[in-house]
Every structure is written in structure tokens, then in C-alpha cells.
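A short worksheet on the structure shown next.
Here the structure is a predicted model, which means the values were calculated and not measured. The analysis underlying the following values was restricted to heavy atoms, covering all of them including side chains, and did not include hydrogens, waters or symmetry mates.
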Amino acid sequence: MKNSKFLHIVLCLFACLQLFAQEVSSDSIKKLNEKAFSLTRAYSFGKSLSYSYLAIQHATNNEDDASLAYSYNILAKTYHRMKYRDKAKKYYKKALKIQQELDNKRQIVLIYHDLARIFQDEENFEKAHEYLQKGYEVAEISGDLENVLIMDWAKITIFQSEKRYKELLTFTDEMFARVKKIKAEKIMYTARINYLEYTKGNTYYHLGNYEEAQKFLEKHTTNEYTHAPNLATSYMQLAEIYKSKGEVEKQRMAQLNYQENLKKKLDDDRDRVQEELLANYSLGKDQLKLDKLEEKNHQNAIIVNRFKVVVAIIILLLIGCIILGTLIVKAIYKKIKSNKLLRMKHNKLEEAKLKAEMTSKTKSNFFSMMSHELRTPLYAVTGITHLLLEENPKPSQQQYLKSLKFSGDHLLSLVNNILQANKLEDNTITIGASTFNLKANIDNIIKSFDLLIKDRENELHIAYDTEIPELLVGDSLKISQILINLISNAIKFTKAGTIRLSVEKVEETEEDVQLHFCVQDTGIGIPKEKQEKVFEMFSQNYDVINEEYQGSGLGLSIVKKLLEVYNSNIYLESKVNVGTTFTFDIRFPKAVDGVDPNIEVHLDAVDFSQLKMLVVDDNKINQMLTKKILSTKKIETDIVASGAEAIERVKYNQYNVVLMDIHMPEMDGYEATKAIRRFNKEVPIIAFTAVSLDDSLHKIIDSGMNDMILKPFVASQLFTLIQKYMK
């Protein structure tokens, strides 16, 4: 606290010294400048320079930037009238630099006006227009029409000097409108209008339009707020106009008025010049004073700045020395306290990290368990439904069984979406790479929607480009999932309409092919304000979901994230009550020439009756279903309920294929397979599991299994996989 008070005292003393040094007030400097300006207008340039010299000296001593800029401006105006244009430009630019630092827009505009006029006088019109444009830019930013008007007056004189009379005529009309918008005193308003009338009359005169010129010039000569030079010009031009019309009397009166006003102007100029000559000033002498003053001010500024730096350093050193000891003590104390807090925060972060890891692991285990627990009973539902439909049920029962199958498939799709959404959220999804037939995949997808399409009274059309290679490399399950979600969405939101799926080849190289997918419907459409949100998880098309449009809101979010894994984007176009179109592109590597292992075989032509298989599953219903499905192809089947029993059976029996469940009590399918591979490396072992491929593929391969089928499954998928491993 003592240190702080000492610093305040030092700073206050320093400020007081600065204030006492200001011997001349800003008002006094302003009066000096006003006197200099009035003397300049009276052509008393010598006296004007002396007053400007004093104003600049006092403004510099006071470090009063605003007064200094104004002083430079007045000095520049003096040189401008004296036609010392280089000196005028020098001081205008000095004033401009300071006014820009002060951001005084009115003064900046005035200086740009004067610079433009100087270059106009030098007939350097390119430079004049450059400063004109800069002035307009500042005026527009300020939002003050008076600033714009300042630049307008300069523009009039530049156009006149360039003899651009047609453009000037249009511009004066704009200025009339601008002057009328600005609120001003009556005298100022009348003077401005009068000058514009004079300008317009003068312009019409130079364009040869004497009728219009006469109208505006006569207005100008009858106005009480006029300048002798302008009146002289107006009467001279009117005399020429009257002469051209043969109006001798009017011509004579105009000439007399012209001579009278011209004489008045010349008398004023003569008096001022004589007064200035009598002043007997030396421009070189006054300019030398100003140059010396500027050099002196520059040197003084350097000395003052150095002094300030030295004082500041001394003050800082004193303060630093006084409080250094305190800071060191405080720093040590803070460091001890900080280290303690850091240790506590570190421990909390470690604890939070462990909790997060445990939560993530628990979540992963939960979803893995749920995958198994949900798919296992679904296998029973879909499997029994399939078997009942295969046994030629009564017509009255077929509708119930088909509804049951549809509900089971819908529930399976929902389970798949929930589990898939979890993997996508955790970034644990993987894209497989195997050879597949895209056309065959699409045909199978369409068949699975037959019942739903009929129920919704829709028509589904397929347009498949025949130039697409037959075999591609990719993850057929992920592609199927994308298409299933989009098509089911289209069917759900379309009633008695049309759905169209098209696949088109966009580009093909020796290694790969780019395909364009389009799913289009004529359904209810998506409102524009909801189109961004439909790809969010659990998002629905409508705020109030009725039974007809109910769903989980996961499909489109899964599609978007799966396509991101493929480095692709999905695009949406939709109009309410017209329909919706989804499009996306995917690039697939082309398959090496050979046989496609995934092409559907004609299972009816395959003899499975010579096979003997071992089914390892701890669920009684699953055992019954699997055995029943295998019996449809007359396959001899042994059933065991544990991994340990499976090992004993394989030791003493010859099996063509082993279907191995993964999750079983005592010994799971992984351990059982590893044990079998120690004495039998030939028998094909197919993982028969409800755990998704993404969760278990690496463990299946590491354990020694040959392949995998996911429960629930379509019977043809199982027989196709068995046929693949038949010797």
C-alpha cells in the first residue's frame, strides 16, 4: 500500500509540472489561428504568417495535437492563397496526419477538399480526383451530409476546370436535392441555392443552351446573397445571351452591371495588395522562422521524450526495488500454495479420467451384452416365423405370420440402429473390404421391403446403370444399411406414391469406380426449417409424431455418419407435399478378376445330405431352431450346450462344419475354438453369434475361426456360408 501511494504522489507531481508548463490556453491558440485566417483572406500574408508562427509554437509547447493540426491547416491555407503550392501541400499533410490520429472526420474532409483544390490549380486532375475520392469515403463513414457537401463544392470546381459540363449538370441536380435535405439557417440555405443556380446557369451557358442559362443566371443576379466575382461572370454571360437575341437594352444594362462588379472586385484586390505591400514582409524571413521553429520543436521533442523515458525508468526502478522483496516472498508463498492446488487438481483429474474410462468400458460392455441379449430372442422370433411360413400355413394364418415377421424385422432394424449409433458415437465403427455384387445386394434389399411397400400402396422403381462393374470391393453390410435406412424412410413417409432408387456410374479408372446413389420419393416432404436437423440423432420430421410416421429418429443420423467414414456427404432436397430426394457418391475399388464368394448360389442344386455338423449353443430355443433349419436340407446335426462339450465331440467325431456360439457359460466360443485348433486345424468353424461384427471380428480371427454369421439370419445366408466350406 505504501508503495502504491508513493507512485501516485510521483505521478501527480509530474502531471502538475506538465500543466504549469502550458502557459497559453487552447482558446488563445484558437484566436491566434482565427486572426491568421482573417488576415489571409484580407491578403495580409505577412501578418498571417507571424500569427501562425506563434500558434504553432504555443501548440507545440503545450503538446496540444488538436491545436497544432489546426495551426498547420491555417498555415497551409495561407500558402495556398499565396500560390506556394508545395509548401501548402506540406502543411496540409502535416495537419492531415494529426487529424487522422485524432479521428476528427470533419477536419479530415476539409483537408482533403483543400488538397483536391490545390491539385486542380496545378491541373493535375488525376491527383485531384484521388483526394476527392478519399474525402468522399471519410464523409460517407461519418454519416454527416455536411461532410459530403464539403467535397461536393470541390467536385464542382474540378468539373469546371476539366470542362466536363454535361456531368456537372447532372451533379448539380444531385446537389440541389442534398442541400434541401440538410437543415441549415435561412441565410446559409439561400446562399447555397444561389451558388448552385449560378453554377447551373454557367454550365448551360458553356453548353450553348442560352434559354436555360438565362433563366438560372437571372435568378442569381436578383439574389441578395451573391459575390462580386460571380455577379460579374453572370452579367458578362447574360450580356452575351441578350446580344444573341437582339435585346439591346438588356445587353447594355448587363454590360454596365458587369463592369461595375468587375471594378468592385478589382478595387478590393488592389486595396488588399497595397496593404500587403505596405506591410513590407519577407517571405523568406518568415519561412526561415517557421523552419527553425520546426527544427527546434523536433529537437525539443527528442529531449522531452528522452527525459520522460529516463524519469519513467527511474520511477520503475524505485518501485521495483521497494516491492521486489515483497514479491519474492509472495511468489514463494504462492508457489507452495499453487503446487498444493495443482496436486489436488491432478488427483481430481486422474480420478475423473478413471471414472470416464470405467464409464466408457461399462457402456461398451453394456451394449455388447445388449447386442447378444436382444438378438438371441429375436433369432427365436424370426426363425420360428420363417419355419412356420415354410410349412404351408393356412391362408387365415399367413397374414398373422407375415405381420409377425414384419414386426420382428422392424424390431431387429431398431436394435441394429441403436447399437450402430453407439459405435458411431464412440468412433469404433470399421469399414470392411470384401468382394461383393452390388446389384445382387440391392435386389435382396428390395425383396425385404415387398410387404411394407404393398402395405403403404407404393410403387418402387430401380434404375441401375449397366456399365457398373459386376464385382466391387467394400463393406456390403454398411452399404446395405445405408440403403435400407433411406428406402425404409422413403416408404414410411410416402403413401400411395412412388419411390425411385437409382445407381449411376459417374467416373471409372483402372483401379476404382465412383457411383452416384439417389433415393427419391413423392411423400410428405420435409419443411425447410427442419432440413438441417433431420440428420441429428433422435430427430423427427415433425414435432408431433403420430402412429403413421413414428420411428426412432436414428436412421438418417446413422446414414450421415456411415458416409463420413466413406469420406462422402449426403445431400437433401425436399419440398412439403411434393417429395424428398437424398443423393450421395461413393468410390469403390474394383474387384480382381475371379469368382465372387458372395454371389448367391442356387441352393436347390446343392446336396447337403452328406454333411454332418456340430451346433454349439447354450440356448435351448436356438438349438431347436438351428437344428430344424438344418434339417430342411437333410443335414445330420449334433447339439452341445458348452465349449467343453464341443471340444470332446470334435476329438472323437468327424464334422464337416462347426457352428460355434460366442457367449456361453464356463467356456466361451473363443476359448473352445483355440482348444480345438491345438489338435484339429482343418474343420471349418463358423462363429454363430448375436454380437455384431464390429465388436468381435478381430477376436474371431485371432481365436482361429474361419467365418461368422450374425443372429438372427436368413436361412439362405447360412446355407450359402456352409456351401462355401463344403469339400
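Counting only distance, with no hydrogens or angles, the side chain of Ser25 and the backbone of Ser28 share a donor-acceptor pair below 3.5 Å. Under the 3.5 Å distance criterion, the side-chain polar atoms of Ser568 are matched with a main-chain donor or acceptor of Asp585. Counting only distance, with no hydrogens or angles, the side chain of Ser574 and the backbone of Ile526 share a donor-acceptor pair below 3.5 Å. Of the possible polar contacts, one joining the Ser142 side chain to the Ala139 backbone as a donor-acceptor pair under 3.5 Å is found. Under a 3.5 Å cut-off, the side chain of Asp521 and the backbone N or O of Thr580 do form a donor-acceptor pair.
Using a 4.5 Å heavy-atom cutoff, the side chains of Ile524 and Val576 are not in contact. Taking the side chain as every heavy atom from C-beta outward, Arg117 and His113 approach each other to under 4.5 Å. Phe216 has its side chain within reach of Tyr204: a pair of non-hydrogen atoms, C-beta onward, lies under 4.5 Å apart. Side-chain contact between Leu96 and Tyr72 is absent, with no heavy atoms from C-beta onward closer than 4.5 Å. Side-chain contact check for Leu515 versus Ile586: every heavy-atom pair is 4.5 Å or farther apart.
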>> For Ser502 and Phe517: C-alpha separation, side-chain torsions, deciding distance, then whether side-chain contact (heavy atoms from CB on, under 4.5 Å) applies.
In response: CA-CA 6 Å; Ser502 66; Phe517 294 80; over 6 Å; no
> salt bridge (Lys or Arg N to Asp or Glu O under 4.0 Å) between Glu564 and Lys561: does it pass, once the steps are laid out?
Replying inline: CA-CA 5 Å; Glu564 286 174 357; Lys561 289 182 179 179; over 6 Å; no
> Should His80 and Asp121 be marked as a side-chain hydrogen bond (donor to acceptor under 3.5 Å, both in side chains) after you check the CA-CA gap, both sets of side-chain angles, and the distance that decides it?
Replying inline: CA-CA 10 Å; His80 191 175; Asp121 294 343; 3.2 Å; yes
> When you look at Thr583 and Leu572, which way does the side-chain contact (heavy atoms from CB on, under 4.5 Å) test go after all the steps?
Replying inline: CA-CA 7 Å; Thr583 57; Leu572 162 66; over 6 Å; no
>> Is there a salt bridge (Lys or Arg N to Asp or Glu O under 4.0 Å) between Glu212 and Lys215? Walk through the geometry before answering.
In response: CA-CA 5 Å; Glu212 291 295 322; Lys215 181 173 69 175; 3.2 Å; yes
>> Between Thr78 and Tyr51, is the side-chain contact (heavy atoms from CB on, under 4.5 Å) condition met? List the steps.
In response: CA-CA 11 Å; Thr78 303; Tyr51 278 99; over 6 Å; no
>> The test is side-chain contact (heavy atoms from CB on, under 4.5 Å); show your working for Ser244 and Tyr210 and say whether it passes.
In response: CA-CA 9 Å; Ser244 69; Tyr210 286 169; 3.6 Å; yes
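The cationic atom of Lys155 (NZ for Lys, CZ for Arg) lies less than 6.0 Å from the six-membered ring centre of Phe171 and within 45° of the ring axis.
Using modelled atom types and a 3.5 Å distance limit, the side chains of Thr172 and Thr199 yield no donor-acceptor pair. Side chains of Thr157 and Gln120: a donor on one and an acceptor on the other come within 3.5 Å. Counted by atom type alone, Gln237 and His220 present zero donor-acceptor pairs between their side chains at under 3.5 Å. Side-chain contact check for Thr498 and Thr522: no donor-acceptor pair (N or O, by modelled atom type) lies under 3.5 Å. Between the side chains of Glu218 and Gln214, at least one donor N or O sits under 3.5 Å from an acceptor N or O. Residues His206 and Asn202 have side chains that bring a donor and an acceptor to within less than 3.5 angstrom of each other.
Between atom OH of residue Tyr112 and atom CE of residue Met151 there is a gap of 9.5 Å, rounded to the nearest 0.5 Å. To the nearest 0.5 Å, atoms CG (Asp114) and OH (Tyr92) are separated by 3.5 Å. How far CZ of Phe37 is from CG of Asn73: 9.0 Å, rounded to the nearest 0.5 Å.
The pair Glu162-Arg164 meets the salt-bridge criterion, with a side-chain N (NZ, NE, NH1 or NH2) lying under 4.0 Å from an Asp/Glu carboxylate O. In this structure, Glu507 pairs ionically with Arg587, as a charged nitrogen and a carboxylate oxygen lie closer than 4.0 Å. Between Glu137 and Lys134 there is no salt bridge, since none of the side-chain N atoms of the basic residue sits less than 4.0 Å from a carboxylate O of the acidic one. The existence of a salt bridge linking Arg192 and Glu197 is excluded, since no basic side-chain nitrogen approaches an acidic carboxylate oxygen closer than 4.0 Å. Looking at Lys243 and Glu240, no side-chain N of the basic residue comes within less than 4.0 Å of a carboxylate O on the acidic one, giving no salt bridge. Salt bridge absent: Lys30 and Asp27 never bring a charged side-chain N and a carboxylate O closer than 4.0 Å.
Across all their heavy atoms, Ser71 and Ile56 have their closest contact at CB-CG1, 3.6 Å. Here the shortest heavy-atom pairing between Ala213 and Gly201 reads CB-O, 3.5 Å. When every heavy atom of Ser234 is checked against every heavy atom of Thr221, the shortest pair comes out as CB-CG2, 3.8 Å. Among all heavy-atom pairs drawn from Phe588 and Asp512, the shortest one is O-CB, 3.1 Å. The two atoms that bring Ile74 and Ala36 nearest to each other are CG2-CB, 3.8 Å, heavy atoms only. Of all non-hydrogen atoms in Ala490 and Val519, the two that sit nearest each other are CB-CG1, 4.3 Å.
Other residues, nucleotides and ligands place more than 12 heavy atoms under 6.0 Å from the CD atom of Glu529. For Met236, the CE atom is densely surrounded, since the number of other residues' heavy atoms within 6.0 Å is greater than 12. Surrounding CD of Glu211 are at most 12 heavy atoms belonging to other residues, nucleotides or ligands under 6.0 Å away. Open room surrounds CD on Glu573; 12 or fewer heavy atoms of other groups in view lie less than 6.0 Å from it. Taking a 6.0 Å sphere around NZ of Lys505, one finds it holds more than 12 heavy atoms contributed by other residues, nucleotides or ligands. In the displayed structure, Tyr205 atom OH is contacted under 6.0 Å by more than 12 heavy atoms of other residues, nucleotides or ligands. Enclosure of atom NZ in Lys166 is not indicated, since only 12 or fewer non-hydrogen atoms of other residues, nucleotides or ligands lie within 6.0 angstrom.
The only option from Asp65, Leu110, Ile111 that meets the side chain to side chain contact (heavy atoms under 4.5 Å, CB included) definition with Gln99 turns out to be Ile111. Each of Val148, Val109, Asn147 was scored for a side chain to side chain contact (heavy atoms under 4.5 Å, CB included) with Val138, with one residue passing: Val109.
Contacts classified as salt bridge (charged side-chain N to carboxylate O under 4.0 Å, His left out) and involving residues 200-209 (residues at least two apart or in different chains) are given here: Asp173-Lys200.
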Run the side-chain donor-acceptor check on residues 175-183: report pairs under 3.5 Å with partners two or more places apart or on a different chain.
from	atom 1	to	atom 2	distance (Å)
Arg178	NE	Asp152	OD2	2.8
Arg178	NH2	Asp152	OD1	3.3
Arg178	NH2	Asp152	OD2	3.0

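Not less than 6.0 angstrom separates the ring centroid of Phe119 from the ring centroid of Phe125.
The aromatic rings of Trp153 and Tyr195 stand perpendicular to each other, their planes meeting at an angle above 60°, with 30° marking the opposite boundary.
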